[in-house]
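Hydrogens, waters and symmetry mates are skipped; everything else that's a heavy atom, side chains included, is used. Order of the sequence lines sets the chain letters (A, B, ...), proteins ahead of strands, with each chain counted from 1.
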Number of protein chains: 2
Amino acid sequence: MARSDHEAEGQRDLGADAAVVEAGRPRRPTRSRRKAGDVAGADNNIDILDCAAQCFMEMGFQGTSIDDVARRLGATKGRIYHYYASKTDLFFDVHREGMRRLNEAVIAVMGSGGNGRETLRAMLEAHALTMLQNIAYLAVVVQGVHMHRLGATTLAQRQVLDEIMAIRRDFEKLFSDVFRRGQADGSIRAENASIAVKGMLGAVNWTAIWYRPRANETLADKQKIARELAALQVGGVA
Amino acid sequence: MARSDHEAEGQRDLGADAAVVEAGRPRRPTRSRRKAGDVAGADNNIDILDCAAQCFMEMGFQGTSIDDVARRLGATKGRIYHYYASKTDLFFDVHREGMRRLNEAVIAVMGSGGNGRETLRAMLEAHALTMLQNIAYLAVVVQGVHMHRLGATTLAQRQVLDEIMAIRRDFEKLFSDVFRRGQADGSIRAENASIAVKGMLGAVNWTAIWYRPRANETLADKQKIARELAALQVGGVA
DNA sequence: AATTAAACATACTACTGAGTATGTTGCAAT
DNA sequence: ATTGCAACATACTCAGTAGTATGTTTAATT
């Protein structure tokens with residue numbers, strides 16, 4: 001799937017996702033052209049995604065017009081519709097990119113040993129930190145969760161939607177699996193895994209609502225918030 | 001504005017699917033005509049609020065058209081615009097009603113004695129239960145939180161928005177005050193009250209995203225979920 | 001040097017949806 | 001019995017917006 005540009009010098013994303021439905025992709029996946037002064041490796045699409053994420057976060061899906069995104073880009077509709085077949089496809093791609101970053105961050109800390117409880121804590125911390133560092137993308141993800149209907153009229157869009165929901169289910173399963181591992185090794189006493197996981201993820205996801213980066217906020221500040229949130233969810237307040 | 005706030009009794013239905021639709025011809029329901037001596041503004045248009053809440057929950061603010069709400073009502077725009085000056089005002093009133101029910105439920109359990117931690121737990125449980133019982137209204141509240149811009153163009157709308165945000169601030173303060181009381185009486189060890197409260201409220205508020213009442217769900221079922229959520233937020237999983 | 005296609009911009013269409021203007025009906029007080 | 005008005009319904013306007021059709025520029029290829 002994805003923008004099949006093969007020129008991904010950028011260490012970022014691309015291609016990693018399972019190839020699924022093709023919806024609203026660039027028509028001809030040849031190499032992107034660069035103007036004379038362009039910095040090599042810059043993915044043009046990431047600019048569109050960034051601006052779209054920002055707009056969607058601030059004004060919601062329906063509240064954002066393609067012209068809004070284009071204005072923020074310093075461009076016009078033509079540019080956006082050159083890469084995305086529809087507004088819905090653009091939204092989906094932001095959502096998918098957000099989920100990709102979340103998955104990446106959480107999976108990265110899952111193999112660090114430790115019992116179920118400690119692994120769960122590390123996963124929550126990674127989740128939280130990723131939220132704080134990608135607040136626009138993840139705010140879009142949060143929005144999209146209960147927008148299962150949006151305007152998914154076409155078949156292709158519905159397939160993309162199914163794909164996204166599957167990713168979300170798998171993501172939640174990462175946590176509930178580790179939770180049960182903690183129950184098995186005795187490090188977790190709580191019983192109802194489903195409710196507990198939904199609660200913990202809610203506490204972390206809620207940062208999409210209240211958190212806005214302050215000026216001069218350092219990485220250490222974000223890490224502190226993430227660590228506290230994760231610790232409280234595992235250990236409680238008492 | 002031009003709205004009064006005392007719509008009396010709180011225990012309406014639980015946001016279950018509005019069976020108001022009743023496909024038929026322009027029906028003439030019991031037209032409650034105002035009798036002499038009635039206070040102007042004591043409107044019983046709770047049906048409008050219910051349908052609006054349901055629509056806003058399912059399709060979002062921008063995604064919901066006034067005609068959508070009217071259709072669900074089994075009426076036309078005329079009826080809605082007879083009571084509300086604009087779509088934004090309607091949204092605000094749903095939001096305000098949701099916050100009113102939340103406040104009522106939480107304050108009701110605050111005087112039951114007990115140390116800070118136990119009071120906090122009871123407040124969280126009451127909060128959660130109210131969410132589950134009024135999921136449509138509270139889903140709108142959750143939506144509205146980060147929609148500070150919406151389309152608040154008029155001065156009156158901005159004032160209502162300020163009022164709502166003040167209510168939200170006061171609501172959060174209820175929790176952080178009790179949290180600090182718990183720190184003082186030794187029943188709460190966690191340090192950062194701000195982060196902790198935001199996390200706990202997030203866990204509870206997140207029910208607006210995932211929770212949808214199943215068929216035949218009893219009050220006891222909801223109470224069980226609420227109790228578990230509250231207990232986990234206070235005591236953790238370990 | 002000419003050709004080609006990607007990467008946009010510009011100009012337009014068609015439609016949706018918020019809000020309004022105006023009609024209609026029934027109850028209640030006169 | 002007539003009148004006044006609340007409580008709607010009906011029929012419009014018009015601004016905003018998703019999507020399209022087409023023009024323009026630039027860089028790589030031949």
Side-chain angles (χ1 to χ4, degrees), chain A residues 3-7 23-38 40 42-48 51-52 55-56 59-71 73-91 150-154 157, chain B residues 2 20 24-45 47-48 51-52 55-56 59-71 73-91 150-154 156-157:
Chain A
R3 15 190 186 296
S4 22
D5 0 355
H6 312 294
E7 62 142 5
R25 296 286 127 216
R27 297 203 289 261
R28 289 296 291 248
T30 49
R31 313 185 38 152
S32 75
R33 276 162 201 267
R34 272 185 227 115
K35 300 185 179 180
D38 260 4
D43 188 330
N44 288 333
N45 285 339
I46 196 68
D47 291 336
I48 297 180
C51 291
C55 287
F56 287 143
M59 302 177 293
F61 173 72
Q62 311 268 0
T64 299
S65 76
I66 295 291
D67 287 305
D68 288 333
V69 180
R71 197 175 310 121
L73 261 174
T76 63
K77 287 159 88 131
R79 179 161 170 200
I80 295 174
Y81 276 105
H82 181 69
Y83 292 99
Y84 293 95
S86 73
K87 180 181 169 182
T88 305
D89 286 324
L90 176 58
F91 184 84
L150 279 174
T153 42
T154 54
Q157 286 179 355
Chain B
V20 189
R25 272 308 77 193
R27 53 174 213 172
R28 181 128 312 224
T30 55
R31 300 242 308 236
S32 63
R33 189 154 175 92
R34 217 165 57 194
K35 297 170 186 172
D38 254 5
V39 182
D43 40 5
N44 44 348
N45 45 14
D47 289 338
I48 297 180
C51 291
C55 287
F56 287 143
M59 302 177 291
F61 173 72
Q62 311 268 1
T64 298
S65 77
I66 294 292
D67 288 306
D68 288 333
V69 180
R71 198 175 310 121
L73 260 175
T76 63
K77 287 158 88 131
R79 178 162 171 200
I80 295 174
Y81 277 105
H82 181 68
Y83 292 99
Y84 293 95
S86 74
K87 180 182 170 183
T88 305
D89 286 324
L90 177 59
F91 184 85
L150 279 173
T153 42
T154 53
Q157 286 180 355

Between atom [atom1] in [X] and atom [atom2] in [N], what is the gap in whole Å?
| X | N | atom1 | atom2 | answer |
| --- | --- | --- | --- | --- |
| B:Phe61 | C:dA18 | CZ | C1' | 10 Å |
| A:Asp67 | C:dT10 | CG | C1' | 12 Å |
| A:Arg79 | C:dC8 | CZ | P | 5 Å |
| B:Tyr84 | D:dC8 | OH | P | 12 Å |
| B:Asn45 | D:dA6 | CG | P | 15 Å |
| B:Asp89 | C:dG19 | CG | P | 9 Å |
| A:Phe91 | D:dA18 | CZ | C1' | 16 Å |

Exercise. Between C:dA6 and A:Tyr83, is there an OP1 or OP2 to side-chain N/O distance shorter than 4.0 Å?
Worked result: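 For C:dA6, OP1/OP2 do not have a side-chain N/O of A:Tyr83 under 4.0 Å.
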For this session: To the nearest 10°, let me know how far the axis at one end of the helix from C:dA1-D:dT30 to C:dT30-D:dA1 is tilted from the axis at the other, five pairs an end.
Result: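 So the angle between the two local helix axes works out to 0°.
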Exercise. According to the interplanar angle, ranging from 0 to 90°, do the rings of B:Phe61 and B:Phe56 count as parallel (below 30°), tilted (30 to 60°) or perpendicular (above 60°)?
Worked result: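 Plane angle between 30° and 60°, so tilted.
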For this session: Kindly point out which of D:dA9, C:dA9, D:dA7 is positioned nearest to the side chain of B:His82?
Result: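 Looking only at heavy atoms from C-beta outward on B:His82, the closest nucleotide is D:dA7.
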Problem set entry | Among C:dA9, D:dC8, D:dA9, the nucleotide that comes nearest once only the side chain of A:Thr76 is considered |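 Selected nucleotide: C:dA9.
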What's touching nucleotides 19-23 of chain D from the protein side, N or O pairs under 3.5 Å?
{"residue": "D:dG19", "atom": "OP2", "partner": "A:Tyr81", "partner atom": "OH", "Å": "3.2"}
{"residue": "D:dG19", "atom": "OP2", "partner": "A:Lys87", "partner atom": "N", "Å": "3.1"}
{"residue": "D:dG19", "atom": "N7", "partner": "A:Lys77", "partner atom": "NZ", "Å": "3.1"}
{"residue": "D:dG19", "atom": "O6", "partner": "A:Lys77", "partner atom": "NZ", "Å": "2.8"}

Exercise. Would you call B:Thr64 and B:Phe91 a side-chain contact if the rule is heavy atoms closer than 4.5 Å?
Worked result: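 Contact flag for B:Thr64/B:Phe91 side chains = no.
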For this session: Would you mind reporting whether A:Tyr84 and A:Ile48 have side-chain heavy atoms less than 4.5 Å apart?
Result: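 Yes. Closest side-chain heavy atoms under 4.5 Å.
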For this session: List in chain and number order the residues that pass side-chain contact (heavy atoms from CB on, under 4.5 Å) with A:Thr76, two or more places apart in sequence or in another chain; answer none if no residue qualifies.
Result: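 For A:Thr76 there are no side-chain contact (heavy atoms from CB on, under 4.5 Å) partners, ignoring immediate neighbours.
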For this session: Identify, with sequence neighbours excluded, every residue that meets side-chain contact (heavy atoms from CB on, under 4.5 Å) alongside A:Ala75.
Result: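 Once residues adjacent in sequence are excluded, the partners of A:Ala75 under the side-chain contact (heavy atoms from CB on, under 4.5 Å) criterion are A:Leu73, A:Arg79.
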For this session: Drop me the distance from B:Ser65's OG to B:Arg71's CZ, to the nearest 0.5 angstrom.
Result: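 One finds 6.0 Å between OG of B:Ser65 and CZ of B:Arg71.
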Exercise. Between CD of A:Gln62 and NZ of A:Lys87, what distance do you get to the nearest 0.5 Å?
Worked result: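 Here the rounded value is 6.0 Å.
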Problem set entry | Sugar-phosphate, base or nothing in reach of B:Ser65, heavy atoms under 4.0 Å |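 B:Ser65: backbone/sugar contact only, no base atoms under 4.0 Å.
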Exercise. Residues in side-chain hydrogen bond (donor to acceptor under 3.5 Å, both in side chains) with B:Ser86, at least two apart?
Worked result: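 If we apply the side-chain hydrogen bond (donor to acceptor under 3.5 Å, both in side chains) test to B:Ser86, skipping adjacent residues, the hits are B:Asp89, B:Gln157.
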Exercise. What's the shortest heavy-atom distance between B:Gly63 and B:Asp68, and which atoms?
Worked result: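 In terms of heavy atoms, the two residues are closest at O-OD2, 3.9 Å.
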